[in-house]
Every structure is written in C-alpha cells, then in structure tokens.
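Okay, so here's the structure we're looking at.
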Number of protein chains: 2
Amino acid sequence: MKATITDVAKRAGVSMKTVSRVLNNEPNVAENTRARVKAIADELRYSPNLAARGLATSKSYLIALMYDNPSPNYISHIQRGAIDACREAGYHLVVQPFSLGDLVSTDEKIRTVRRVMDRLPVDGVILTPPLSDNAAVLEVLEELNIKCVRVAPKNGGAQPFVGMDDETASYQMTQHLLNQGHKKIAFIRGHADHAATSLRHAGYMRAMQEAGLVVSENLIAQGDFSFESGAAAARKLLGGQTEDIPTAIFASNDDMAAAVISVAGQMGLNVPETLSVCGFDDTPLARVVWPALTTVRQPIYKMGHQAAKELVRRSDEQSEKGQILDFEIMLRDSVAKLK
Amino acid sequence: MKATITDVAKRAGVSMKTVSRVLNNEPNVAENTRARVKAIADELRYSPNLAARGLATSKSYLIALMYDNPSPNYISHIQRGAIDACREAGYHLVVQPFSLGDLVSTDEKIRTVRRVMDRLPVDGVILTPPLSDNAAVLEVLEELNIKCVRVAPKNGGAQPFVGMDDETASYQMTQHLLNQGHKKIAFIRGHADHAATSLRHAGYMRAMQEAGLVVSENLIAQGDFSFESGAAAARKLLGGQTEDIPTAIFASNDDMAAAVISVAGQMGLNVPETLSVCGFDDTPLARVVWPALTTVRQPIYKMGHQAAKELVRRSDEQSEKGQILDFEIMLRDSVAKLK
DNA sequence: GTTCATGTTGACAGCGCTGTCATTACTGGA
DNA sequence: TCCAGTAATGACAGCGCTGTCAACATGAAC
C-alpha cells in the first residue's frame, strides 16, 4: 500500500498540516522538524497523491503539449525538453494532437477544440506551430482561462513565447556561403503559411545585399518544405541558362536540401565540388544524406524546456515574457569553397 | 466557473448519485431519467473533475507511454494511436522517456525507474522496445502493481502484448524479390539486441530455402540498423567477386536500405535497373529517397491503439492476451524485374 | 392480501490533501 | 513585569466525486 501523509505525520509525531508544509517548502517550520519529516517521508517512499492534492488546490499538475501534424522529429525534441522541465517541478506532460487542417469553418474548429479542452484538465498548454498562431485554439484557451506558451509564433500576442531568430540564422548561413567565395547563391523558400518562411528569406536577402550582390529573380524558387517541392525547385534552378546557374543553393529546410542533392546527383553534378548545398533545421536526414548537410540547428529541445518551465514555474519565480534562443550553424560536407 | 455534478443534479431534480450513475453508464436508471440527465449535462457542458473522480475511485485516468530512445517516427505513430484510444475512453496519455542505456547496474536501473514511477500516478503503461524487454522496468511495474502492455516484445511473459509477424513479413518480401526473378538476394541484418533482427533474418532464410537456393555466406552482412552500418554492409556486398555480387539487397530497415541506394549511386550502379533494393519499416525516409523504397509497413499506429485500448478497457470488456497485427508490403520503385 | 424479488433512487461518508484560522511558545522592547 | 509581534504548530472543513447501504416502488407469485 502506498504511504499517505497521515502515515508520515504519525511516524514523525506531528500533524498532517506540518508534513504538508514541509513537502511544499512552505516557511514557518522549525529546521529540525523539517529535516525529520523529510527523512521519514524518504524512508516511507512517500509521494503525494496527485488527485487529492489537485482536488484541494484545484490544479491538476498536468500540462499539455498540443500539436497539429508537425514533423515527428520536431515534436519529439520539444516533447523531451518539456518533459524534463515538468519532472523538475513535479508536473507531468500529456500530449494532445489536433487535426484542425481538415476543418473549414472557424466555428467548427472552435467547437472541436472546446470539446477536447473541456475534458483535458491541465494547468497550461504548450502550443507548437502551426497551433501557436491558430485563432480557434487561442480563443478557446482564453475563454477557459488556461495559460499557454507559444512556440515560434508568427504574430505577437499577450501570451509568453519562445522562439529563435530565423532571420539572423539565415543571414549568417548566407554569409558563410559568401565567405566560401560563392556569389550566385540561390534560395528555396518554404511554405508561405509558415512563420519562418519570410524570415529566412529576409535573412538571405539582407546578406546578399550587404555583399553588394543583386539577387536575380532566377535565383529564388518557391517550395513548400516538402522533398518533392525541393526537387522541383532544384530542377528549375539548375536547368536554366548557363550564366544563371547557381554555384550554391540554400534550401530553407533539410528535406528540400536533400532533394537538391538528389537532383544534382541525377544531373551529374558533384556536391559539393560543383554545387554547394545547405539546409535548415538539422533533422536526422541531414546526417544521413551524402554528403552530410551543412545546416542550422534549431534549439528545439530548449524551446520545449523553456516553454514548460514557464508554465510550471511557481508564482513567486520570475517570469519571462518572451525568449529568443540561440541557434547553431552545423558545418558539414555539403558546402565547399568556390574554386 | 465549471459546472459540477451538483449543478446537474439540482437542475435535473435528482440526486448526485443518479447523475453519477448516468455519467458512468451504470445500470438501474430509468430511461427517461437517464435521457434528461444527459441532456442537462450536455447543456451545461458538464465534464467530470478528474481529480475528484480519481480520488474517489483511486484511479488516475492516465496511462503512460514509456520509451527509451526510439526513432521519433516510431514513437510519434505509437503515440498517436494510443492517444486516440485514450480519448475514446476518457483517459489521457502522459509520456515518459527513460535513458536506461547509460546506467550499468540493474540495481541502479531499478532505483531510477522506481523513483519515476513512484510519482507517476498512472493506471497502466505502454512499453515500447527496447523497454518491452527491460527487466528493471518489468520488475518495478510488478512491484508497484501497475498494469502494462508490451509492444513488440522479444521474450514471452505474463503481460499482454501487441506485435507483428516480422518473420512472415520478411518471408513475403523475399518472395517478392524471388518472383521478380532475383536469385542472388543479399540480406543485411539489424542490431543483434533487437527482437526483430533474428525474425527478419529467419523469414528471409525460409523463403530462400523454399526456393531451393543456397544462401552463401557472402550474401549476408551484419548491420546495426544505422545508415552508416548499412553503407558499410553495402560496400562489402557489392565489392566482392563478380559471381557473388547480388542483384538485389534486402536491408532489414529503411535507414540501411537508403544507405545501400546511396552507396550504389556512388559506385555507378543504377537502382533499380542494375540493383534492386528493399527495406523494412516504411519510415518517411522511404518515400524521400530516390528511387522510393519498396518496404514493409509496420502497423505502428495500430499497435499503439490496441495497446492503449487494452489498458483502458472497462473490466467487463473482453481482454486479449496478445495480438499480432497485419503488416503491409509497400511496392514502390526500388525493385525491378531481373532481365 | 401478503411475500418476495427486482428496479430505481437518495443520504451520507470518505478518498488524501491543503486553506483557514485558532492556539501556543517564544522573542525583544517599554 | 507585561505586552505586542512573530514563529511554529494543529484542528477542522471541504475540494467533487463514487461506494455502500438503506429506502421505497412496482409487479409477479402464491
């Protein structure tokens, strides 16, 4: 049988309430009492009954990670970070996927979200893209008065958020290509709905312009983050007039970069000797393709960690309205100096 | 404010207990009472307080998905399946990763698992490989009297399980290659610790033997499921004497199969014209490599679904001791008829 | 009409914890 | 010396639900 607070109290010769104070690190407990209670709780392997505590405090000690069809890789890192933050605070993480994309009307979306949230007793939720900017979700959360943290949101808002500086990352990656002597650097854009798409594009443009280069229209291709769209973009970029053919292609995610490598191979171009390629995200794919992709590592784990930390923090702790986390440029084998 | 059971009871002019009976589908409630209570509960958007219910029933309405360093893709499908089954039953899924690989002694593992499980109030857990066969985990669960379902376990045991028939899948895939006219079919084994490794190997051997073919030692290579090991295996298999060079390679997972395609490309071999390749698992990678991989789709979603279903089933429902789920052979572009 | 089985309902306690408030012990200052 | 202020502790109610058990209604069997 699991030990209860009463067991500990009896054994320590104090009241339940005192034990409760110790367990919750409340003040006004004599040091030796505190120590004794702690020792006995340990000995009995006591751990509080979450349901009872929740009933008394009207909290659930649960937070939710909500997502809608993200890449498994992304979600698994966020998840890992969030769980670690939860554990430190005695919380647990429940996962809650949505498929809001199938629904047309906002009204229907709201009803769907509400139906789920009505029976999901959580103290806070982490919203991952594209949910971070989903109006229906945001509205229901506000209506039900549930705290949330938005991961990599597109638009501003009253809620706290965590993110990274896509523009600067893209700028730096472009600079790296420039430093290797490349001038004809092409860029493949991602899905237009995605917050990161325009930021990454902007970073590339800024670096090119600062280098005094004119970005011809032929150097920009539109993709949608999928492998197939990357392949199409690559064919377009590499199939033009000789003078326009890029010596480097910066794809705005790894899937598209992998597609570029694949297409280049089919066209008889050597990567990186004839064509340098780089990606964005540092997915597992980046290390599996050949040559291994130079790419930007997003602080995904840390985003999850910080987001959860903000939600489970005790009210006396400092809160942070928004956090921009550091990225890292992973130099691998798909970029070479231009000869 | 959220509605409580008392609100519903007052409004319906019945006692709390009757409302409770209706909500839990208990018998012995007059049909019209039942209907009225249901209608009012709906109207009030009432949903029970999990903590209170949990306190009264000493259940938590939570089940855990435990994993140790699996592929994100695998876990995300299992997770999705499990969540869907939970929702149907009013349960929620909490995720709990472990890193038991770093620990050496069994004792230490047991303590680690116990520390986590002591404060994880769940009604049951889903164990994914390699945890499905982890002695420490199994022991702690038994000690704490927590139900579990093992996903794709290696060894037998008293607990229910879900899995698939790796041997038959491998057998059928090999037959497919045979049907395409291949005779020199090589096989790349996976990590020796993994339950599936020997099963997949056995299926291959059975098909080869039934076809009356002698499997030369040169046709078998050892890998460990990683891309790198697959590349090494491919180099070994393709670099031998001419008469031993396979016309088809069956890699026992997709990562290794992707490596084979990559190596073949580097060696100037056309896939599938000169070399057919197939994999196992149907990861996203399989559709992203070129040519797209012929592979075996595991019923991962369904495994998660069934596992959770077994854990959340009401005690009056039928239980299943073990379930072998159907796989599917995905015919794509990496296998061709031998000319 | 009485008896019994069965169906329907409600009163009430109590799950394990924490919030509130009262009580006691102890300190330093007037 | 006495009192106020503060630290340390405990008694008790109650969070929202369900399990138990008792009460009552109904109808069949005798």
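Naming convention: chains lettered A, B, ... in sequence-line order (proteins, then strands); numbering from 1 in each chain. The shown structure was predicted, so the numbers you read here are calculated from the model rather than taken from an experiment.
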key: Donor-acceptor pair between Gln79(B) and Gln79(A) side chains, under 3.5 angstrom   = yes
message = Less than 3.5 Å apart, any donor N or O on the side chain of Asp118(B) or Tyr46(A) sitting next to an acceptor on the other?
response = no
OP1 or OP2 of [N] sitting under 4.0 Å from any side-chain N/O of [X]?
X: Thr33(B); N: dT9(C); value: yes
X: Tyr46(B); N: dC17(D); value: yes
X: Asn49(B); N: dC15(D); value: no
X: Arg53(A); N: dG16(C); value: no

Would you mind classifying the nucleic acid contact of [X] as base, sugar-phosphate or nothing, using non-hydrogen atoms under 4.0 angstrom?
X: Ser58(A); result: nothing
X: Pro27(B); result: nothing
X: Asn28(A); result: base

Nearest heavy-atom neighbours spanning Phe98(B) and Val113(B) =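 Of all heavy-atom pairs spanning Phe98(B) and Val113(B), the closest is CE2-CA, 4.0 Å.
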Among [options], which is the nearest nucleotide to the side chain of [X]?
X: Ala52(A); options: dC17(C), dC17(D), dC15(D); result: dC17(C)
X: Ala30(A); options: dG16(C), dG10(C), dT9(D); result: dT9(D)
X: Ser20(B); options: dT9(C), dT18(D), dG19(D); result: dT18(D)

task = Could you tell me whether Lys147(B) and Glu310(B) have a side-chain N and a carboxylate O separated by less than 4.0 Å?
result = no
Spacing between [X] atom [atom1] and [N] atom [atom2], to the nearest angstrom:
X: Leu55(B); N: dG19(D); atom1: CG; atom2: C1'; answer: 13 Å
X: Met16(B); N: dA11(C); atom1: CE; atom2: P; answer: 11 Å
X: Leu50(B); N: dC15(D); atom1: CG; atom2: C1'; answer: 15 Å
X: Glu26(A); N: dG10(D); atom1: CD; atom2: P; answer: 14 Å

query = Does the base of dG10(D) carry an N or O that pairs as donor and acceptor with the side chain of Arg21(A) under 3.5 Å?
reply = yes
query = Does atom CZ of Arg11(A) have more than 12 heavy-atom neighbours, drawn from other residues, nucleotides or ligands, at distances under 6.0 Å?
reply = no
